[in-house]
Participant: 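Below are the structure tokens for one structure; questions will follow.
Note that these values count all heavy atoms, side chains included, but never hydrogens, waters or copies made by symmetry. To find a chain, count down the sequence lines: A is the first, B the second, and so on, and within it residues start at 1.
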There are 2 protein chains.
Amino acid sequence: MPVQQTPASADRRTEILKSAAAAFRRRGYHGASVDEIASALAMTKGNLYYYFRNKEEILFACHEYSLDILVTLLDEVRVEGLPPDQQLRKLVLAFVHLILDELHGTALTLDLQALSPPLLRKVIARRDAVDRGLRRLLQQGMDDGLFAPGDPKMIAFAMMGAVNWIAKWYDPAGPMTSQAIGESFADYLIGGLRRGGLPDSGPPAPAR
Amino acid sequence: MPVQQTPASADRRTEILKSAAAAFRRRGYHGASVDEIASALAMTKGNLYYYFRNKEEILFACHEYSLDILVTLLDEVRVEGLPPDQQLRKLVLAFVHLILDELHGTALTLDLQALSPPLLRKVIARRDAVDRGLRRLLQQGMDDGLFAPGDPKMIAFAMMGAVNWIAKWYDPAGPMTSQAIGESFADYLIGGLRRGGLPDSGPPAPAR
DNA sequence: CGCCGCTTTGAACGCTCGTTCAACGCTGTG
DNA sequence: CACAGCGTTGAACGAGCGTTCAAAGCGGCG
């Protein structure tokens, strides 16, 4: 709760977070200047220090913001009680949508090492929780016989990598909508590459 | 060829590159200081400027170094003329090995945007060439009926993302060898997650 | 030994950036 | 109108960094 302030300034804080996230994504944490973040909002950099103690706290808040949404996503999908493959598909679709349309490319790609050890530990702990949720889902699918056996840890890493990497090449002006990307990724990551049944997914849609 | 110097100083240059790559990976391009790179080699930062014009040129050389190896890899695998799935498997194994054991986590994760437009264009052009090689391989596999139909572009991105992301979580002191990671990734990325034949791969080895 | 070219040093410069802070509107209330 | 507080400003600071450069070290050859 030290993060929360008055309701009035809460909007301002998230405005700053969005601007900062964009700057961090483009130039990296150290490459983005506080002035750059402020200028994009037509405010002076001194003013930022009314809302945040320092630059590091802004980065930390960005991470918290993304993780909040991510964790919520996982929980929402879980309570629906669908079979693991359908849960996974929903997750991938939602995750891609989240990264591209809401966070504009800023999810887990932000610098972690720039955080001081105490804050770093907090973020890593939550990120690991997300990882564990994903692994559990994979393990469950394997136990159910839906998925071929494998190492859930490795597969979870591979999936997260594939999705997080999207931010590196995605161009909003490009030919592919975030929706189409999400479905392509879900098809591949869940359905796999080799021939076999494709039970639930929509049309294959090889959208060039 | 402006990159090459006398044979004597070539070793020194690559030493610097390794140190710089490690620093860039840990703290990002802007976060790593020139002094930090030099100190790791027990030399003064001023000395770096005898081998490189400036910091940016060091980053560029790092990219070139990685890309050289990557392109060579692709070519080597291609000339063997194996079927696409086996070529892909070799590629993934070699790529994982390359990133973890030789580049120590520094492949395509280095800051791109830190390069000035002219250098940036060169790097992107070569990276795109690698992408195209991978896509061609995927397309060929689909045409041959080895792979389920899909968008080669998206799948190539997903594969590159999964592999490049490894650098973000890999811990050399961890329980998994780079070899085991490579095989897990190859199994998943090529064999797919769903049940179906696993033609060529070795033992499934769910190495916890 | 004495010279020469390659390599290294260490100090200095200039600039950028994160952070601080006293002073200043602005807005609503008594 | 006077006051109070939140929000904002802009200037100033100090530190760190990339870069430069004149001078020194060093090794081999004549």
Side-chain angles (χ1 to χ4, degrees), chain A residues 2-62 110-111 113-116 118-120, chain B residues 2-62 110-111 113-116 118-120:
Chain A
V3 183
Q4 295 290 3
Q5 302 219 152
T6 86
S9 61
D11 312 339
R12 210 85 173 118
R13 272 181 70 98
T14 60
E15 274 183 62
I16 294 173
L17 286 189
K18 300 231 169 196
S19 170
F24 291 158
R25 176 175 50 81
R26 281 197 307 271
R27 329 245 290 199
Y29 175 73
H30 294 284
S33 74
V34 173
D35 193 65
E36 185 181 345
I37 298 169
S39 296
L41 298 168
M43 57 176 16
T44 62
K45 62 175 175 175
N47 198 9
L48 288 193
Y49 288 82
Y50 181 77
Y51 296 96
F52 294 92
R53 211 165 347 182
N54 50 37
K55 193 182 176 187
E56 187 191 353
E57 194 184 274
I58 299 181
L59 176 62
F60 178 66
C62 285
L110 290 187
D111 271 336
Q113 313 295 344
L115 291 171
S116 61
L119 297 184
L120 181 61
Chain B
V3 183
Q4 296 289 5
Q5 300 221 151
T6 87
S9 62
D11 313 338
R12 209 85 173 115
R13 274 180 68 99
T14 60
E15 276 184 61
I16 295 172
L17 286 189
K18 299 229 169 195
S19 170
F24 291 158
R25 175 176 51 82
R26 279 198 309 271
R27 330 245 291 196
Y29 175 73
H30 294 283
S33 74
V34 173
D35 193 66
E36 185 181 345
I37 297 169
S39 296
L41 297 169
M43 58 181 0
T44 61
K45 62 175 174 175
N47 198 10
L48 288 193
Y49 289 82
Y50 180 76
Y51 295 95
F52 294 93
R53 211 165 348 182
N54 50 35
K55 193 181 175 187
E56 186 191 352
E57 193 183 275
I58 299 181
L59 176 62
F60 179 67
C62 284
L110 290 187
D111 273 336
Q113 313 295 342
L115 291 171
S116 61
L119 297 184
L120 182 61

Participant: Look up atom NE2 in H30(B) and atom CZ in R27(A), then write down how far apart they are to the nearest 0.5 Å.
Facilitator: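 Output value for this atom pair is 6.5 Å.
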Participant: If you define the side chain from C-beta out and look only at heavy atoms, does anything of L59(B) sit under 4.5 Å from F24(B)?
Facilitator: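 Yes, at least one pair of side-chain atoms sits under 4.5 Å.
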Participant: Between atom CE in M43(B) and atom C1' in dG25(D), what is the gap in whole Å?
Facilitator: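 It works out to 15 Å between those atoms.
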Participant: Nearest 0.5 Å, please: how far is CD1 in I58(A) from CG in L48(A)?
Facilitator: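 Answer for the CG-CD1 pair, L48(A) versus I58(A), is 5.0 Å.
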Participant: Grab the OH-P distance between Y29(A) and dC17(C) for me, whole Å please.
Facilitator: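 Result: 14 Å.
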Participant: Roughly how many Å is it from CG in N47(A) to C1' in dA22(C), rounded to a whole number?
Facilitator: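 Between C1' of dA22(C) and CG of N47(A): 15 Å.
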Participant: Of all heavy-atom pairs between I37(A) and S19(A), which one has the smallest distance, and what is that distance?
Facilitator: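 Minimum heavy-atom contact is O-OG, 2.8 Å.
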Participant: The side chain of S33(A) lies closest to which of these nucleotides: dG18(C), dG18(D), dT19(C)?
Facilitator: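 The answer is dG18(C), which lies nearest to the side chain.
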Participant: Can you name the closest pair of heavy atoms from Y49(A) and N54(A) and give their distance?
Facilitator: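 Where Y49(A) meets N54(A) most closely, the heavy atoms are CE2-CA, 3.8 Å.
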Participant: For F52(B) and dT8(C), what is the distance between atoms CZ and C1' respectively, to the nearest whole Å?
Facilitator: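 So the CZ-C1' distance, F52(B) to dT8(C), works out to 16 Å.
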Participant: As a test of reading the structure: which of dT7(C), dA12(C), dT8(D) is closest to the side chain of Y51(B), going by heavy atoms?
Facilitator: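 My answer, after comparing the listed nucleotides, is dT7(C).
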Participant: Ignoring backbone atoms, test whether R53(B) places a side-chain nitrogen or oxygen under 4.0 Å from the OP1 or OP2 oxygen of dT19(D).
Facilitator: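 R53(B) to dT19(D) OP1/OP2: no side-chain N or O under 4.0 Å.
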Participant: Can you measure Y49(A) atom OH to dA12(D) atom P for me and round it to whole angstrom units?
Facilitator: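 After rounding, the reported distance stands at 19 Å.
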Participant: Rounded to whole Å, please give me the gap between CD1 in I16(B) and C1' in dG18(D).
Facilitator: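 In whole Å, dG18(D) C1' lies 15 Å from I16(B) CD1.
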Participant: If you check the V34(A) side chain, which of dT19(D), dT8(D), dT19(C) turns out closest?
Facilitator: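 The listed nucleotide nearest to V34(A)'s side chain is dT19(C).
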Participant: Counting the atoms with a prime plus P, OP1 and OP2 as sugar-phosphate, which does A38(B) contact under 4.0 Å by heavy atoms, base, sugar-phosphate, or nothing?
Facilitator: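 Nothing, no nucleic acid heavy atom in range.
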Participant: Rounded to whole Å, please give me the gap between CG in D35(A) and P in dT9(D).
Facilitator: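 Atom CG in D35(A) sits about 12 Å away from atom P in dT9(D).
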Participant: Kindly indicate whether the side chain of K55(A) and the base of dT19(C) share any N or O donor-acceptor pair separated by less than 3.5 Å?
Facilitator: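 Such a pair does not exist between side chain and base.
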Participant: Can you measure Y50(B) atom OH to dT8(C) atom C1' for me and round it to whole angstrom units?
Facilitator: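 After rounding, the reported distance stands at 10 Å.
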Participant: Can you tell which of dT8(D), dG18(D), dG18(C) lies closest to the side chain of K45(A)?
Facilitator: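 Given the options dT8(D), dG18(D), dG18(C), the side chain of K45(A) is closest to dG18(C).
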Participant: If you assign A42(B) and G46(A) each to the DNA chain C nucleotide with the nearest heavy atom, which residue ends up on the more 5' nucleotide?
Facilitator: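 Checking each residue's closest nucleotide, the 5'-ward one belongs to A42(B).
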